[in-house]
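In what follows, a structure is listed as structure tokens, so that the remarks can point back to it.
All heavy atoms count here, side chains included; hydrogens, waters and symmetry mates do not.
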Amino acid sequence: MIIEFVGCTGAGKTSLISEVQSRLAQTAQVTTSFDLVAAPFGLGRVSDRMIRNFIQEIAVLPIFIRTLRRNKAIIAYTLRMLVRQANFSIFMINNLRGIERKIGVYEKIKRYTHNRIILVDEGTVHLAHKVFVFTSAFYTSDEIARFARLIPVPDLIIYIRAPVETLVQRTLQRPDPPREIRKNRTLTENFINRACAMFEQITQVEKIKSRLLIVDNPECAGKAFEKVADDVAQFILNFEANDQLAYATSPQGPWEN
């Protein structure tokens with residue numbers, strides 16, 4: 001079962017994933033998408049975000065190329081959205097790398113989901129953040145909805161929210177804020193507001209909404225945060241149990257795919 005965590009910068013996705021993983025590990029086989037991709041190369045302990053991204057890009061490039069035909073619709077659509085920015089820069093290159101990494105990682109990990117829960121920090125759904133947020137171009141809700149309908153989706157999506165001011169403060173305090181905003185408060189506020197609006201729109205698309213859990217995370221520590229982690233972990237276990245029951249009792253039987 002693939003579970004993707006999405007949300008604005010500063011929502012606390014990485015912290016929550018770590019807490020949820022430790023809880024799930026007590027009763028289930030669980031790993032993260034990065035560990036699954038990097039562990040075969042002995043690189044699972046790398047913590048620097050830029051290096052982690054580079055490792056994933058290299059590791060999944062072959063499978064990304066092999067599945068180009070399957071994903072050609074979303075790749076073509078995403079490229080059209082990026083071209084609209086009319087600003088070929090280092091940020092555009094990073095966005096292109098993001099397409100390869102997120103789709104490649106999805107194709108890689110979905111082959112290893114048997115009897116295992118895989119937690120994904122910003123996967124295919126979160127690709128919308130690169131396409132629709134870090135740009136000055138205007139996008140309609142219909143374009144965001146079309147993007148959502150084209151992307152390959154995980155089994156479950158955890159959308160983490162927090163108040164805008166909280167998101168802004170956390171982002172400004174991060175040691176590795178997005179390069180597009182460079183710890184500039186005005187830019188940060190604009191991008192956070194744009195991201196919140198985009199996530200509210202994309203999570204209303206039926207393909208996303210039907211497998212969505214929305215979690216409010218105003219804190220990243222303390223008892224309230226631990227309660228959020230407990231609730232998310234229990235929801236995942238219940239979701240997995242119900243999914244397995246539905247599959248086992250389906251007319252086609254659990255032995256067929």
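- Between E122 and F5, the closest side-chain pair of non-hydrogen atoms is not below 4.5 Å.
- Within the 3.5 Å criterion, the main-chain N or O of A11 finds a donor-acceptor partner in the side chain of N217.
- If you look at H126 and Y159, their ring centroids are not closer than 6.0 Å.
- The backbone N or O of P154 lies less than 3.5 Å from a partner atom in the side chain of R211, making a donor-acceptor pair.
- Tracing side-chain contacts under 4.5 Å through hydrophobic residues (I, L, V, M, F, W, Y), one reaches L43 starting from I51; they form part of the same cluster.
- A salt bridge does not link E100 with K108: every distance from a Lys NZ or Arg NE/NH1/NH2 to an Asp or Glu carboxylate oxygen is 4.0 Å or more.
- I192 is not connected to I160 by any chain of hydrophobic side-chain contacts under 4.5 Å among Ile, Leu, Val, Met, Phe, Trp and Tyr, and they are in different clusters.
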For this session: Apply side-chain contact (heavy atoms from CB on, under 4.5 Å) to F191 and T171, showing your working.
Result: CA-CA 11 Å; F191 282 123; T171 302; over 6 Å; no
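- The two residues M198 and A128 come nearest to each other via the heavy atoms SD-CB, 3.7 Å.
- Between D231 and K227, at least one side-chain N (NZ, or NE/NH1/NH2) sits under 4.0 Å from a carboxylate O, which counts as a salt bridge.
- Between F147 and F132, the ring planes are perpendicular. Angles over 60° get that label, and only those under 30° would be called parallel.
- Nearest heavy atoms, R174 versus G10: NH1-N, 4.1 Å.
- A donor-acceptor distance shorter than 3.5 angstrom exists from the side chain of K13 to the backbone of G7, with no hydrogens or angles considered.
- Remark: the backbone N or O of A145 is not paired with any side-chain donor or acceptor of Q201 at under 3.5 angstrom.
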For this session: Kindly determine whether R149 and E206 satisfy salt bridge (charged side-chain N to carboxylate O under 4.0 Å, His left out), including the steps that lead there.
Result: CA-CA 8 Å; R149 289 192 292 267; E206 184 58 33; over 6 Å; no
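- A195 and H129 get closest at one heavy-atom pair: CB-NE2, 3.7 Å.
- Side chain of N71 to main chain of T67: a donor-acceptor pair is present (N/O by atom type, distance under 3.5 Å, no hydrogens or angles).
- Here the side chain of R116 pairs no donor or acceptor atom with the backbone of T31 at under 3.5 angstrom.
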Exercise. R66 and E107: salt bridge (charged side-chain N to carboxylate O under 4.0 Å, His left out), yes or no, with the steps?
Worked result: CA-CA 10 Å; R66 290 199 303 271; E107 293 290 348; over 6 Å; no
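- R170 pairs in a side chain to side chain contact (heavy atoms under 4.5 Å, CB included) with only one of the listed residues (V168, L172, T166), which is T166.
- Judged by distance alone, the side chain of S18 and the main-chain N or O of S15 form no donor-acceptor pair under 3.5 Å.
- Side chain of T203 to main chain of K209: no donor-acceptor pair is present (N/O by atom type, distance under 3.5 Å, no hydrogens or angles).
- Follow the hydrophobic side-chain contacts under 4.5 Å out from F64 and you never reach I55; the two are in separate clusters.
- Between the side chain of E4 and the main chain of V120, no donor-acceptor pair closer than 3.5 Å is present.
- Hydrophobic clustering, with ILVMFWY side chains joined whenever heavy atoms are under 4.5 angstrom apart, keeps F34 apart from V30.
- Counting all heavy atoms, side chain and backbone alike, I117 lies closest to A28 at CD1-CB, 4.1 Å.
- Side-chain heavy atoms closer than 4.5 Å link hydrophobic residues (I, L, V, M, F, W, Y) into clusters, and following such links, possibly through other members, connects L82 to I144.
- When every heavy atom of V164 is checked against every heavy atom of N193, the shortest pair comes out as CG1-OD1, 3.8 Å.
- Judged purely by atom type and a 3.5 angstrom limit, Y77 has no side-chain atom pairing as donor or acceptor with the backbone of I151.
- For the pair I3/F239, no side-chain contact is recorded, criterion being any heavy-atom separation below 4.5 Å from C-beta on.
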